Amino acid sequence: MPELPEVEVARLSFADVAAGARVTDVVLGKPLRWPLGCEPARLVGAHLGVAQRRGKYLWLPVGPGGLLLHLGMSGSLRWLAPQAPPRQAHDHFELHTDRGVLRLTDPRRFGAVVWSESREAGMAARLLAGLGVEPLEPGFDGPYLHAALQQRRSAVKTVLLAGDVVVGAGNIYACEALFAAGIDPRTRSDRISRPRAARLALAIREVLARALTLGGSTLRDFRDAHGMAGAFQEQAKVYGRAGQACTACTSTVRRIVQAQRSTFFCPTCQRR
DNA sequence: CGGGACGCCTGTGAGC
DNA sequence: TGCTCACAGGCGTCCC
């Protein structure tokens, strides 16, 4: 589910209230993608820092180390009052504090919560290594994207999804950004010209930024930490619209499969 | 080494 | 109504 906007929306909705809180208990449900990596009791008594985001990961400082969180395909985070409603079937991680409860709900359990000594060491460092640049930060621009795309030969959509050039754009926003830039998702990465790369970089930034202001996309179950749904999905131009009319021309939006993932695009508005 | 397929797990909606 | 199948917002790992 969650791509960069959803993860950032989640972060913003609990980071301030959680910072400084003292951990009183840790409650685990079914196993997530990886084991926690430490005794839950080790976290009790530690104070939380300000949650940070890197790509689709969140780093939550806890005492001397921290937790690296990922929402996978179906995860969502809620910040609940100290007297939280009882844990339900899909609630697999809870950090109880003196100020409230951070709860991860994740039906598919592709998500993760992993203890690490620091962001720069252990499991966190391993998982964060190799991530591409942050699309909403200054280092991401046309020249950077063009140079990076020149190094790759697979389809541009696949390169965007891989996350080692630029992080944060998952299936929805990769499709939407390519539509906004007028680029056929099957175009070989190294055949994207300089101006088109510049347009694509801008499109990625704009699509992600707009999704952020709309609170992300809620396709099925995404909610922010206060339980609010996002609204971006109502603005999607191609994602999930196969067989429907393009919003910009008379063509029909197509669905194809690239690297085991659905790709949606307009065969007229998007060119190789 | 780049690139693609696999598998992790559960839920939902479509079609029969 | 109930079953089966396709598909779902991600990504580390394995194999070619």
Side-chain angles (χ1 to χ4, degrees), chain A residues 1-10 29-35 37 53-58 68-77 88-93 104-114 116 122-132 148-178 185-190 204 207-208 211-212 214-224 229-236 238-243 255-264:
Chain A
M1 91 181 190
E3 305 182 31
L4 184 150
E6 291 75 28
V7 176
E8 182 65 7
V9 164
K30 287 187 184 177
L32 292 164
R33 180 159 196 176
W34 297 292
R53 181 188 56 74
R54 176 73 177 99
K56 298 172 195 170
Y57 286 94
L58 289 179
L68 193 69
L69 294 92
H70 198 289
L71 301 181
M73 290 270 270
S74 58
S76 56
L77 285 168
Q88 296 193 291
H90 298 313
D91 300 334
H92 300 304
F93 179 83
L104 173 66
T105 304
D106 185 4
R108 289 177 73 180
R109 293 193 279 129
F110 289 176
V113 180
V114 179
S116 217
M123 189 69 170
R126 240 175 300 157
L127 292 170
L128 297 176
L131 292 188
L149 292 180
Q150 286 298 110
Q151 305 301 116
R152 309 288 288 270
R153 271 155 297 282
S154 42
V156 60
K157 156 79 166 7
T158 308
V159 173
L160 293 183
L161 274 194
D164 50 354
V165 168
V166 57
V167 293
N171 212 21
I172 298 178
Y173 301 119
C175 290
E176 293 299 316
L178 285 164
R186 299 165 294 185
T187 311
R188 259 178 62 148
S189 177
D190 58 354
I204 290 168
V207 163
L208 292 176
L212 208 41
L214 291 171
S217 299
T218 298
L219 260 54
R220 179 159 296 142
D221 45 15
F222 174 73
R223 294 290 187 280
D224 72 10
F232 180 88
Q233 71 281 358
E234 291 151 25
Q235 299 208 348
V238 285
Y239 186 84
R241 297 193 65 247
R255 172 186 176 273
I256 59 172
V257 174
Q258 293 180 289
Q260 278 73 281
R261 312 290 304 278
S262 287
T263 296
F264 299 89

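The chains referred to below are lettered A, B, ... by the order of the sequence lines, with proteins before strands, and numbering in each begins at 1. Keep in mind that what you see is a predicted model, and the values were worked out from it rather than measured.
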Below the 4.0 Å mark, does [N] have OP1 or OP2 next to a side-chain nitrogen or oxygen of [X]?
| X | N | answer |
| --- | --- | --- |
| A:S262 | C:dC7 | no |
| A:Y239 | C:dG9 | yes |
| A:Y173 | C:dG10 | no |

Rounded to whole Å, please give me the gap between [atom1] in [X] and [atom2] in [N].
| X | N | atom1 | atom2 | answer |
| --- | --- | --- | --- | --- |
| A:L127 | C:dG10 | CG | P | 16 Å |
| A:H70 | C:dG9 | NE2 | C1' | 11 Å |
| A:K56 | C:dG12 | NZ | P | 10 Å |
| A:R54 | C:dC11 | CZ | C1' | 15 Å |
| A:L58 | C:dG10 | CG | C1' | 14 Å |
| A:N171 | C:dA8 | CG | C1' | 10 Å |
| A:D164 | C:dG12 | CG | P | 10 Å |
| A:M73 | C:dC7 | CE | P | 13 Å |

Contacts of [X] that satisfy side-chain hydrogen bond (donor to acceptor under 3.5 Å, both in side chains) - sequence neighbours left out:
| X | result |
| --- | --- |
| A:E8 | A:R11, A:R53 |
| A:T105 | A:D91 |
| A:R255 | A:S262 |

*With A:R186 via salt bridge (charged side-chain N to carboxylate O under 4.0 Å, His left out) - residues at least two apart*: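 Checked A:R186 against salt bridge (charged side-chain N to carboxylate O under 4.0 Å, His left out); matches are A:D184.
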_I'd like to check the salt bridge (charged side-chain N to carboxylate O under 4.0 Å, His left out) partners of A:R54; sequence neighbours left out, ordered by chain and number._
A:E134
_As a quick check of understanding, evaluate side-chain contact (heavy atoms from CB on, under 4.5 Å) for A:L178 and A:L160, giving each step before the final call._
CA-CA 10 Å; A:L178 285 164; A:L160 293 183; 4.1 Å; yes
*Using a 4.0 Å cut-off on protein heavy atoms (strictly under), produce a 5'-to-3' string for nucleotides 3-10 of chain B with B for base contact, S for backbone-only sugar-phosphate contact, and - for none.*
SSBBBBBB
_Atom P, compared across B:dC9 and C:dC14: separation rounded to whole Å_ = 16 Å
*On a whole-Å scale, what distance lies between the C1' atoms belonging to B:dG3 and C:dG9?*
23 Å
*Nucleotide nearest A:R255 (side chain, heavy atoms from C-beta), chosen from C:dC11, C:dG10, C:dA8*: C:dA8
*What pairs with A:Y57 under side-chain contact (heavy atoms from CB on, under 4.5 Å), at least two apart in sequence or on another chain?*
A:L68, A:H70, A:L127, A:L128, A:L131
*Which pairs with one or both residues in residues 151-167 of chain A pass salt bridge (charged side-chain N to carboxylate O under 4.0 Å, His left out), sequence neighbours excluded?*
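For residues 151-167 of chain A, and leaving out neighbouring residues, the salt bridge (charged side-chain N to carboxylate O under 4.0 Å, His left out) pairs sorted by first residue read A:R152-A:D164.
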*asked:* Taking Watson-Crick (N1-N3 plus N6-O4 or O6-N4) and G-U wobble (N1-O2, O6-N3), each under 3.5 Å, can you produce the dot-bracket string of DNA chain C? Use [ ] for crossing pairs and | for inter-strand ones.
replied: .|||||||.|||||||
*For residues A:I172 and A:E3, report the shortest heavy-atom separation together with the two atoms involved.*
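Of all heavy-atom pairs spanning A:I172 and A:E3, the closest is N-OE2, 2.9 Å.
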